[in-house]
Number of protein chains: 2
Amino acid sequence: MSEAPRKATITDVARAAGVSLSTVSRVMNGNATVDPALVERVRATAAELGYAANPLARSLVLGRTQTIAVVVPDLGNPTFQAILRGISHAAAVDGYHVLIADSGERVEEERVLAEETRRRTDGVILAAPRMDEAQLGPLLETLAPVVVVNRGRQDAAPVVAADYRHALRELAEHLHALGHRRIVFLAGVARSASNAARLAALEDARAAHDDLEIIEIPAGVDVDSGAEAAEAVLATGATGVLAFNDLVAMGLLTALTERGIRVPDDISITGFDDIPFARHTSPPLTTSAVPAVEVGAQAWRALHSLLTGDEATPFASLVPQLVLRASTAPAP
Amino acid sequence: MSEAPRKATITDVARAAGVSLSTVSRVMNGNATVDPALVERVRATAAELGYAANPLARSLVLGRTQTIAVVVPDLGNPTFQAILRGISHAAAVDGYHVLIADSGERVEEERVLAEETRRRTDGVILAAPRMDEAQLGPLLETLAPVVVVNRGRQDAAPVVAADYRHALRELAEHLHALGHRRIVFLAGVARSASNAARLAALEDARAAHDDLEIIEIPAGVDVDSGAEAAEAVLATGATGVLAFNDLVAMGLLTALTERGIRVPDDISITGFDDIPFARHTSPPLTTSAVPAVEVGAQAWRALHSLLTGDEATPFASLVPQLVLRASTAPAP
DNA sequence: CTGTTAGCGCTTTCAT
DNA sequence: ATGAAAGCGCTAACAG
């Protein structure tokens with residue numbers, strides 16, 4: 001645990017090589033034309049001294065940090081983990097670093113975190129911000145360049161989103177086609193845009209089928225929420241359940257099975273996200289595969305465009321894929 | 001997507017308030033004694049201009065960034081996600097930001113990533129580095145302050161680790177006590193320290209019971225690895241399986257069940273980590289609960305100590321907790 | 001082709 | 001108590 005020796009500065013290298021700072025700078029940046037002999041000499045001494053330019057100093061003078069910030073509502077949420085992963089990998093390829101900030105689902109923290117991290121970075125990606133539109137719009141202006149993930153189209157920033165509405169509608173249609181007429185929807189975080197999109201899907205489904213009854217029950221986003229909703233679900237007498245996501249579906253599935261209810265014979269359950277475990281529940285979960293990693297990668301691409309002065313697609317919608325497995329069957 | 005207005009600088013505030021830079025700086029840092037009237041005036045104009053000190057400039061002059069780096073082998077690995085979460089939350093409480101770097105399990109990337117991110121931060125946490133001891137030791141010296149997670153004790157840095165050896169030994173003892181005499185171990189990433197710790201646990205168990213046979217089979221760290229190992233496991237005729245982690249156990253469980261093998265009647269399976277789903281498999285998984293979030297939190301605390309000049313505990317070992325569920329039973 | 005100089009925005013002696 | 005000035009380490013005109 002000894003102290004590391006002070007890092008060599010450009011001045012050290014210049015002195016050691018017997019040249020000026022500018023020359024060292026030019027050599028290190030492959031800039032302009034420098035005498036080959038000098039280039040060689042500077043390179044050598046730089047290597048010898050283990051010199052590398054101080055990124056902070058460079059950032060200050062260049063006005064860019066080669067770093068972006070990602071603000072997520074909850075690092076424990078698999079969806080955000082996947083999005084973060086997509087961003088991180090894609091950004092790394094372009095030589096960018098990623099600063100993370102977790103708002104812990106505290107909506108009042110989002111603005112502060114975004115603004116603060118923005119100041120140390122070249123841009124920010126807001127993953128599924130929970131704040132309302134009235135707050136988001138103005139914030140985006142001050143944050144530019146900024147990209148928003150999983151929200152509706154914005155004036156002030158490109159948006160990359162998974163089409164939850166379409167996907168849940170598809171799941172609802174699937175149940176309806178199987179003969180289910182009374183189904184329940186286990187809702188997630190009330191204020192989240194992805195929950196709103198799902199509610200819209202429910203409306204679509206209701207409008208399309210007047211023999212279809214959909215009952216909304218507040219639940220949550222994790223396994224326990226699903227388990228806790230079991231009694232409420234049974235009380236409705238519904239034959240099908242659209243769970244907010246796979247975790248909720250799994251919790252419900254387990255709780256129902258423990259009560260001796262058979263899935264899908266007595267009741268059908270759908271998940272959402274297609275997390276890796278979804279295929280390993282018993283029965284395996286019918287769900288919708290959300291390309292979260294790809295969403296992250298596209299968010300990076302949009303931000304990168306902004307950073308390089310290119311135009312970014314204002315709204316990119318990625319369509320989740322319906323995955324039919326064994327947790328759904330014809331209504332009893 | 002308009003451009004954000006240039007941020008106000010300390011010079012702007014000084015001019016607007018009719019004072020010198022130093023005074024503004026003093027006020028903003030609550031430094032020294034400044035005339036209350038001036039403090040008020042500076043505060044007001046700063047607020048009016050929406051001024052906040054440029055973190056980059058501060059970092060350059062102060063020599064600290066209020067940021068740390070975390071290098072993980074794979075952001076997709078739930079264990080590292082949890083560790084990262086623990087670090088992130090704990091660091092946020094102390095007002096630190098977190099830069100993440102994912103080496104993608106490419107061992108040769110680790111050193112570069114660590115060194116590069118270190119230069120933009122005040123310290124780094126190496127989560128389960130895959131490089132060997134010969135590489136790690138010297139690297140730590142150049143990285144200081146640095147904390148290592150899930151490796152053996154180091155000379156040059158504090159280490160925070162979960163005691164995988166003890167935990168797997170406990171699981172093995174559990175199977176032995178149930179009468180299992182031939183069991184298989186589904187190994188993870190060969191070069192990882194956590195795998196090595198598990199192998200040591202196996203040795204401990206073998207040494208303690210000469211009627212115990214443990215067969216090692218290379219698998220992996222994810223669900224598919226477990227599923228793919230099913231045939232190999234059956235071929236051994238073992239009555240118990242120690243899976244590398246819960247994911248592997250789940251994959252195996254599913255694959256075995258599909259083949260009509262009953263768990264735990266025909267064969268017992270143990271997982272590792274106690275991920276949230278472990279209790280929701282059927283049967284629920286006997287496993288060992290690794291306090292990964294807490295490991296992360298402690299790693300931050302160690303680094304924070306280093307950062308503030310305090311002594312850090314050289315080696316902190318967190319003991320996973322045995323969780324008995326229904327995937328293990330007496331040997332047939 | 002190379003060196004000198006002026007900042008990037010801020011903190012911190014050092015004077016006054 | 002306040003301001004002037006130096007400097008963190010680097011890049012980019014600007015001269016020569």
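First the proteins, then the strands, lettered A, B, ... as listed; each starts at 1.
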How is [X] classified with respect to the nucleic acid when contacts are heavy atoms under 4.0 Å: base, sugar-phosphate, or nothing?
X: A/Thr9; value: sugar-phosphate
X: B/Leu60; value: base
X: B/Leu56; value: nothing

Point to revise | Residues, nucleotides or ligands: over 12 heavy atoms within 6.0 Å of A/Arg301 CZ | key: yes

**Study point:** Pairing residues for B/Arg130 by the side-chain hydrogen bond (donor to acceptor under 3.5 Å, both in side chains) criterion, not counting sequence neighbours
**Key:** B/Glu105

Exercise for review: Applying side-chain hydrogen bond (donor to acceptor under 3.5 Å, both in side chains), name anything that partners B/Arg118, two or more places apart in sequence or on another chain.
Suggested key: none

Point to revise | Heavy-atom side-chain contact between A/Leu307 and A/Trp300 under 4.5 Å | key: yes

Point to revise | side chain to side chain donor-acceptor pair (under 3.5 Å): pairs with one or both residues in residues 44-69 of chain A, sequence neighbours excluded | key: A/Asn29-A/Arg58, A/Thr65-A/Asp122, A/Gln66-A/Tyr96

Please report the distance, rounded to the nearest Å, between [atom1] in [X] and [atom2] in [N].
X: A/Lys7; N: D/dC8; atom1: NZ; atom2: P; result: 18 Å
X: A/Ile10; N: D/dC10; atom1: CD1; atom2: C1'; result: 6 Å
X: A/Glu40; N: C/dC1; atom1: CD; atom2: C1'; result: 17 Å
X: B/Leu62; N: C/dT13; atom1: CG; atom2: P; result: 11 Å
X: B/Asn54; N: C/dC8; atom1: CG; atom2: P; result: 12 Å

Check your understanding: Mapping B/Asp35 and B/Ala57 to their closest nucleotides on DNA chain D, which lands nearer the 5' end?
Key -> B/Asp35

Atom pairs, protein N/O to nucleotides 3-7 of chain C N/O, distance under 3.5 Å:
{"unit_1": "C/dG3", "atom_1": "OP2", "unit_2": "A/Ser20", "atom_2": "N", "d": "3.0"}
{"unit_1": "C/dG3", "atom_1": "OP2", "unit_2": "A/Ser20", "atom_2": "OG", "d": "3.2"}
{"unit_1": "C/dG3", "atom_1": "OP2", "unit_2": "A/Thr23", "atom_2": "OG1", "d": "2.7"}
{"unit_1": "C/dG3", "atom_1": "N7", "unit_2": "A/Arg26", "atom_2": "NH1", "d": "3.4"}
{"unit_1": "C/dG3", "atom_1": "O6", "unit_2": "A/Arg26", "atom_2": "NH2", "d": "2.5"}
{"unit_1": "C/dT4", "atom_1": "O4", "unit_2": "A/Ser22", "atom_2": "OG", "d": "2.8"}

Check your understanding: Would you say B/Asn29 reaches C/dT11's phosphate, i.e. side-chain N/O to OP1/OP2 under 4.0 Å?
Key -> yes

Practice item. Please state whether the phosphate of C/dT11, meaning OP1 or OP2, lies under 4.0 angstrom from any side-chain nitrogen or oxygen of B/Arg58. Key: yes

Practice item. Verify the distance criterion only: is there a donor paired with an acceptor across the side chains of A/Gln154 and A/Glu133 at less than 3.5 Å? Key: yes

Exercise for review: Apply salt bridge (Lys or Arg N to Asp or Glu O under 4.0 Å) to the pair A/Arg119 and A/Glu115, showing each step before the final yes or no.
Suggested key: CA-CA 7 Å; A/Arg119 301 222 54 200; A/Glu115 290 181 331; over 6 Å; no

Study note, to complete from the structure: Contacts of B/Val293 meeting side-chain contact (heavy atoms from CB on, under 4.5 Å) (sequence neighbours excluded), chain-then-number -> B/Ala82, B/Arg85

Practice item. Using five pairs at either end of the helix from C/dC1-D/dG16 to C/dT16-D/dA1, determine the angle between the two local helix axes and round it to 10 degrees. Key: 50°

Exercise for review: Going by the side-chain contact (heavy atoms from CB on, under 4.5 Å) test, name the single residue among A/Leu99, A/Ile100, A/Asp102 that passes it with B/Val98.
Suggested key: A/Ile100

